[in-house]
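Notes follow the structure.
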Amino acid sequence: MPPPLIVILGPTSCGKTKLAVKLAKKFNGEIVSADSRQVYRGLDIGTGKDLNEYNLPWGKIPYHLIDVANPQENFSLAEYQKKAYRAIDQILKRKKLPFLVGGTGLYIKAITDGLILSSAKPDYRLRKKLELMSDKDRLQILKELNPEALKQIDTANSRRVIRAIEICKQTNQTLTKLQTQSQKIAQPHYATLILGITHPIEKIRERIKKRLQKRLKQGLVAEVQELHKNGLSWKQLIDFGLEYRYISYFLKKEISYDTMIERLLIANGQLAKKQMTWFKKDSRIKWIKSEREAEKLTNKHIAD
């Protein structure tokens with residue numbers, strides 16, 4: 001039998017980490033993050049790392065795949081998959097239970113489905129050429145190469161767009177076709193239980209608003225200023241999306257503070273809906289309503 005893996009997923013602001021920490025404590029586990037922005041060092045308040053959540057009176061729940069990448073550099077899905085496999089396998093070697101926790105659907109799918117990912121290497125000459133283009137021109141190139149990819153990636157993130165073009169040009173295949181092929185030959189490494197946690201959209205919006213207020217008090221605007229001061233360009237910050245995007249616009253004096261707040265609340269609400277649309281496609285997810293239900297399902301999965 002393949003070794004066990006527990007996945008806890010859901011849209012933003014639903015309390016995934018809190019639940020994961022409680023389950024990891026009960027089942028002697030460790031947590032592997034599945035968040036595409038928490039991998040970057042320095043992006044702390046805006047990505048909600050909340051590392052204090054891993055602290056318990058008797059000690060800290062070990063966590064992995066947070067602060068593993070330089071924000072100045074690209075961090076690919078293939079790199080994430082490689083590091084996540086290594087972290088999970090090391091947890092299992094220690095006779096502990098791995099919990100994969102986050103809201104980045106493609107990161108989670110790469111592990112749960114054992115996707116065979118593109119081996120296309122970085123083409124730095126092409127990247128430099130694409131970086132000099134406008135967002136509109138880059139999207140037009142991707143549209144000509146693979147129209148469906150525009151629905152699959154964050155088109156506001158120039159890093160993702162450039163990587164998609166790079167893969168299409170190197171392989172002479174579309175991302176859509178490559179992903180279909182990958183799913184056909186995928187080889188899952190683990191016996192996976194996928195637990196989903198969510199709330200009604202209005203409640204999620206309330207939680208998003210409270211979370212944003214908290215992060216602003218913690219110094220979110222100052223964090224973005226410091227990242228820019230330490231070498232991240234406004235363009236790079238904008239590519240990280242959400243808080244980093246709209247606070248950058250505010251600091252550049254392109255929008256007012258109130259407009260920044262308004263757009264952030266809208267963007268996070270849209271993210272939550274997009275995440276739920278992605279997750280609803282996966283019939284394996286068991287949507288839980290309580291910590292007790294999660295414990296029962298985890299117990300049963302380990303026993304099976």
Side-chain angles (χ1 to χ4, degrees), residues 1-24 26-27 29-38 48 53 63-65 77 80-81 84-85 87-88 91-92 97-117 151-154 176 179-180 182-184 186-205 207-208 268-304:
M1 287 290 292
L5 171 68
I6 311 299
V7 176
I8 300 176
L9 55 74
T12 185
S13 297
C14 281
K16 297 181 289 292
T17 302
K18 285 184 180 179
L19 175 62
V21 167
K22 289 178 181 178
L23 292 178
K26 185 173 182 64
F27 293 98
E30 298 186 19
I31 294 172
V32 178
S33 171
D35 187 299
S36 62
R37 299 192 306 164
Q38 289 190 3
E53 288 190 3
Y63 59 83
H64 309 269
L65 274 290
L77 178 61
Y80 173 80
Q81 186 189 55
Y85 277 156
I88 292 167
I91 293 167
L92 290 165
L97 183 63
F99 288 83
L100 184 66
V101 183
T104 303
L106 198 52
Y107 273 23
I108 293 167
K109 192 174 184 66
I111 305 304
T112 59
D113 294 22
L115 296 181
I116 310 300
L117 300 174
K151 301 175 185 176
Q152 296 172 309
I153 65 172
D154 179 4
T176 309
Q179 287 178 1
T180 301
S182 175
Q183 288 176 331
K184 286 180 180 178
Q187 299 177 338
H189 293 195
Y190 313 104
T192 304
L193 169 67
I194 308 178
L195 303 177
I197 179 172
T198 189
H199 301 287
I201 189 63
E202 288 307 316
K203 186 173 181 180
I204 291 175
R205 288 196 179 106
R207 292 170 70 101
I208 286 170
N268 274 292
Q270 290 171 336
L271 171 63
K273 291 178 76 172
K274 186 177 180 180
Q275 288 172 312
M276 281 306 301
T277 299
W278 173 286
F279 294 138
K280 282 179 180 177
K281 296 175 185 175
D282 194 337
S283 60
R284 298 170 298 175
I285 299 174
K286 299 182 185 299
W287 294 99
I288 58 168
K289 295 181 179 179
S290 68
E291 181 185 335
R292 187 176 178 184
E293 185 181 1
E295 287 182 10
K296 282 182 67 176
L297 289 168
T298 302
N299 255 323
K300 184 178 185 302
H301 184 69
I302 294 169
D304 290 344

Point-to-point distance, once rounded to the nearest 0.5 Å, from [atom1] of [X] to [atom2] of [Y]:
X	Y	atom1	atom2	value
E291	K296	CD	NZ	14.0 Å
I302	I6	CD1	CD1	5.5 Å
L195	I285	CG	CD1	9.5 Å
Q81	I116	CD	CD1	7.0 Å
L19	C14	CG	SG	11.0 Å
T298	E293	OG1	CD	10.0 Å

Closest non-hydrogen atom pair, [X] against [Y]:
X	Y	value
I8	A20	CD1-CA, 3.6 Å
P11	I197	CD-O, 3.5 Å
S33	L100	O-CD1, 4.4 Å
A87	L65	CB-CD2, 3.9 Å
A294	L23	CB-CD1, 4.0 Å
L9	K16	C-CD, 3.5 Å

(message) I'd like to check the salt bridge (Lys or Arg N to Asp or Glu O under 4.0 Å) partners of R205; sequence neighbours left out, ordered by chain and number.
(response) E202
(request) Please determine if D282 and R284 form a salt bridge, counting it only when a charged side-chain N lies under 4.0 Å from a carboxylate O. (result) yes
(message) Here's a test for you: under side chain to side chain contact (heavy atoms under 4.5 Å, CB included), which of L97, L193, I111, V32 qualifies with L5?
(response) I111
(message) Keeping T104 on the side-chain end and S36 on the backbone end, is there a donor-acceptor pair under 3.5 Å?
(response) yes
(message) Under a 3.5 Å distance rule, please check whether D113 uses its side chain to pair with a backbone N or O of L115 as donor and acceptor.
(response) no
(message) Can you tell me how the ring of H189 sits relative to the ring of Y85, calling it parallel under 30°, perpendicular over 60° and tilted otherwise?
(response) parallel
(request) Classify the ring geometry between Y107 and Y80 as parallel (under 30°), tilted (30 to 60°) or perpendicular (over 60°). (result) parallel
Taking only distance into account, with no hydrogens and no angle test, what donor-acceptor pairs under 3.5 Å do side-chain atoms of residues 273-281 form with protein atoms, sequence neighbours excluded?
from, atom 1, to, atom 2, distance (Å)
Q275, OE1, T12, N, 2.7
Q275, NE2, G103, O, 3.1
T277, OG1, K273, O, 2.9

(request) Check the pair H64 / I31 against side chain to side chain contact (heavy atoms under 4.5 Å, CB included), numbers first and verdict last. (result) CA-CA 6 Å; H64 309 269; I31 294 172; over 6 Å; no
(message) Within the structure provided, determine whether T112 and P188 are in side-chain contact (heavy-atom separation under 4.5 Å).
(response) no
(message) For a 4.5 angstrom cut-off between non-hydrogen side-chain atoms, does Y63 reach V101?
(response) no
(message) So, using ring-ring contact (aromatic ring centres under 6.0 Å, His included) as the criterion, who are the partners of H199 when residues are at least two apart?
(response) none
